[in-house]
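Right, one structure below, let's go through it.
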Amino acid sequence: MSTPGATATDSDTAADSDTAADPETATAVVDRAYRLILGRAPDAAGLADYTEQLRSGQLSERQLCAALASSDEFADRLSPEAGPAAGARDARAAAAREPGFVDAAELIRTTTVEDLAATAEAYFSSLDHTEPLLAKPFKEPGEAADLLVTFGQVLRGLQPAPGMTVLDFGAGTCWTSRLLTQLGCHVIAADFSPSALELGRELYARQPVIGDRPDPEFLTFDGHHVDLPDASVDRVLSYDALHHVPNPGQVLGEFARVLRPGGLAAFAEPGPEHSLQPQSQYEMRHFGVLENDVVIEDLWEQARRAGFADLRLCLLDSSPQWVDLPTFQDVLSTRADGAVFPEPTRAAIGDRRMFVLRRDGTEPPDSRAADGLGADLVLSDVDVTSPAEDTVAATIRGTCLLRNTGTRTWLPSDAAHGPVYLGARVRTADGTLSDRLSGTGGRIPLPGRGVAPGEEVTVPVHLDVPACGDDGTDAGSRPVAVEFDPVSEFVCWFSVNGSVPATVRLP
């Protein structure tokens with residue numbers, strides 16, 4: 001593709017020159033200028049030409065912007081019939097004229113799902129040096145920043161909780177699977193390539209998760225059918241995987257089938273011009289892998305037909321701007337012009353589609369997550385006695401009425417994840433609040449099989465409060481009160497969310 005606009009003359013450059021930029025900085029400037037002015041990623045020729053001119057000082061950043069704004073392409077975008085679709089068509093037509101261009105749609109028409117699965121397996125099985133893949137997401141610094149930011153946002157959308165079953169689709173060497181396992185999820189890592197999943201097993205062996213976590217499962221995907229029962233998983237993750245399959249509608253149907261009602265499928269995928277990017281063309285040309293475009297409107301239609309009821313998309317620029325303090329203050333106060341924010345963010349969204357699909361039906365929220373946990377509690381018939389034993393400061397007896405004022409169902413106290421107890425913590429003379437109650441550990445089980453929002457439960461209280469330090473001489477550790485507060489184990493105390501504990505003063 002020819003470079004939009006004209007190259008600046010020597011006299012122009014002399015009149016208005018910037019300091020020559022290093023290649024990496026120049027490339028980033030050209031990329032952002034294209035996105036802000038032409039609304040697309042730069043073509044290979046334009047990127048190389050303008051980067052060299054910026055790097056050598058032949059062209060200033062201001063002249064770069066002027067050249068792009070004076071191009072025919074920009075003028076066409078100003079016409080009434082022009083728009084994102086017209087720009088995309090122009091970019092696609094221009095890319096198709098490049099030597100060796102691979103049309104992703106044609107690749108889908110001329111290869112089968114089985115062919116692409118075999119290509120993936122051939123790639124992973126032929127690797128001699130697997131260390132870089134096993135090091136993900138920390139293979140190299142530039143990639144790590146993007147992977148961590150995008151994975152973090154997709155994780156927010158996925159809303160996993162300990163004990164959930166998560167299908168990690170297109171898991172590859174399983175770095176995302178391992179992180180989900182560390183969060184306490186039962187992960188089913190699925191991929192076309194058995195060799196990739198073998199590397200995933202190696203990753204788990206070389207970097208064991210911490211603590212008692214569910215063992216992962218590994219599942220080879222045949223390209224058509226996910227070998228799992230209906231409504232058997234709580235979540236599906238597709239991290240840069242769906243755009244590699246030629247049959248996304250069928251795959252989305254499988255996601256909807258295996259998800260429980262109300263379950264979520266979270267995606268991090270490229271945008272609608274992904275197949276045109278130089279790296280995508282390289283991958284398709286040399287390795288035969290499909291680098292398809294993700295047109296969210298088409299995908300949403302397929303998802304709705306499959307049984308998904310809701311779509312939410314993430315607005316995020318994974319390459320943030322670093323600005324000076326005045327500019328930062330202008331952004332916060334909305335005084336900044338559009339060249340600072342949000343236009344750069346809007347342009348960056350063109351490269352990335354992070355979104356969440358919700359399966360139709362309802363998923364009742366429970367106490368495995370902190371938000372929405374709330375309670376009112378009332379202690380009654382409280383009796384505090386001072387036993388003769390030196391090791392016990394006081395014994396508290398009474399009754400506690402708890403009402404679920406939040407939006408989440410409290411799981412029973414014997415649940416494996418997110419069990420709710422009536423918790424008790426000792427307040428000492430020095431102001432410390434601690435869990436050092438003997439015997440029960442400060443956890444009083446709730447009766448029944450859970451407490452739904454709006455429901456109440458009555459708990460009998462019988463609690464021995466230990467005396468101060470082991471030798472009884474530490475006055476600061478003398479217990480002066482006990483605070484009763486519901487707690488979802490390993491999630492949070494309800495008072496963190498604003499619930500008011502009930503306090504019993506000790507003699």
Side-chain angles (χ1 to χ4, degrees), residues 161-164 184 234 262 362-389 391-428 431-467 478-507:
M164 282 186 173
D234 302 286
T362 302
E363 179 186 72
D366 59 46
S367 53
R368 288 178 292 177
D371 63 291
L373 290 178
D376 284 341
L377 63 160
V378 177
L379 283 173
S380 59
D381 303 324
V382 177
D383 178 53
V384 181
T385 60
S386 299
E389 297 93 335
T391 58
V392 177
T395 297
I396 302 174
R397 293 181 176 86
T399 301
C400 185
L401 176 68
L402 296 98
R403 186 168 71 89
N404 185 343
T405 61
T407 58
R408 293 183 175 274
T409 295
W410 302 348
L411 294 176
S413 297
D414 61 355
H417 305 280
V420 175
Y421 299 87
L422 175 60
R425 292 185 286 186
V426 172
R427 178 76 67 181
T428 55
T432 302
L433 191 64
S434 64
D435 287 340
R436 60 181 183 86
L437 291 165
S438 59
T440 64
R443 304 293 188 270
I444 302 173
L446 306 188
R449 302 306 305 161
V451 183
E455 292 184 346
E456 297 179 343
V457 62
T458 300
V459 185
V461 175
H462 182 179
L463 191 69
D464 290 331
V465 182
R478 179 177 61 85
V480 296
V482 173
E483 292 187 2
F484 291 90
D485 184 13
V487 57
S488 177
E489 200 66 48
F490 301 114
V491 178
C492 77
W493 293 83
F494 283 30
S495 57
V496 171
N497 288 348
S499 295
V500 180
T503 300
V504 176
R505 300 291 176 184
L506 301 180

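Considering only heavy atoms from C-beta on, D371 comes within 4.5 Å of R408 through its side chain. With a 4.5 Å cut-off on side-chain heavy atoms, R449 and D414 count as touching. In this structure the side chain of L402 never reaches within 4.5 angstrom of the side chain of N404, judged on heavy atoms. When side chains are defined from C-beta on, I396 counts as touching V482, because their heavy atoms get closer than 4.5 Å. At a threshold of 4.5 Å between non-hydrogen side-chain atoms, the residues V465 and L506 count as touching. With a 4.5 Å cut-off on side-chain heavy atoms, H417 and E489 do not count as touching. Side-chain contact between V382 and V461 is absent, with no heavy-atom pair separated by less than 4.5 Å. Between L422 and L377, the closest side-chain pair of non-hydrogen atoms falls below 4.5 Å.
Not one N or O on the side chain of T399 forms a donor-acceptor pair closer than 3.5 Å with the backbone of P460. No side-chain donor-acceptor contact under 3.5 Å links D234 to the backbone of M164. Under a 3.5 Å cut-off, the side chain of R368 and the backbone N or O of P162 do form a donor-acceptor pair. Of the possible polar contacts, one joining the S499 side chain to the A375 backbone as a donor-acceptor pair under 3.5 Å is found.
To the nearest 0.5 Å, atom CG of residue N497 and atom OG of residue S488 are 10.0 Å apart.
Taking both residues in full, the closest heavy atoms of P445 and S413 are given as CA-OG, 3.6 Å, listed atom of the first, atom of the second, then distance. The minimum heavy-atom distance between G423 and W493, with the atom names listed, is CA-CZ3, 3.7 Å. Here the shortest heavy-atom pairing between T503 and A481 reads CG2-CB, 4.0 Å. Taking every heavy atom of both residues into account, A424 and L463 meet most closely at CB-CD2, 3.6 Å. Summarising the geometry of P412 relative to G448, their closest heavy-atom pair is CB-O, 4.0 Å, with the distance given to 0.1 Å.
Taking a cutoff of 4.0 Å between a charged side-chain nitrogen and a carboxylate oxygen, D381 and R397 do not qualify as a salt bridge.
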CA sep, side-chain torsions, deciding dist, call: V384, V504, side chain to side chain contact (heavy atoms under 4.5 Å, CB included): CA-CA 9 Å; V384 181; V504 176; 3.7 Å; yes

- request: Under the side chain to side chain contact (heavy atoms under 4.5 Å, CB included) rule, what do Y421 and I444 come out as? Steps first, then yes or no, please.
  value: CA-CA 6 Å; Y421 299 87; I444 302 173; 5.9 Å; no

- request: List the steps and the verdict of side chain to side chain contact (heavy atoms under 4.5 Å, CB included) for S367 and L373.
  value: CA-CA 7 Å; S367 53; L373 290 178; 3.9 Å; yes

task: Give the C-alpha distance, both sets of side-chain angles, the deciding distance and a yes or no for side chain to side chain contact (heavy atoms under 4.5 Å, CB included) between E456 and L401.
output: CA-CA 7 Å; E456 297 179 343; L401 176 68; 3.9 Å; yes

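Side chains of D464 and T395: a donor-acceptor N/O pair is present below 3.5 angstrom, by distance only. When only modelled atom types and interatomic distance are considered, D366 and T409 share no side-chain donor-acceptor pair under 3.5 Å.
Taking the centre of each ring, W410 and F494 come in below the 6.0 Å mark.
Only one option out of R425, R505, R427 pairs with E483 in a salt bridge (charged side-chain N to carboxylate O under 4.0 Å, His left out); it is R427.
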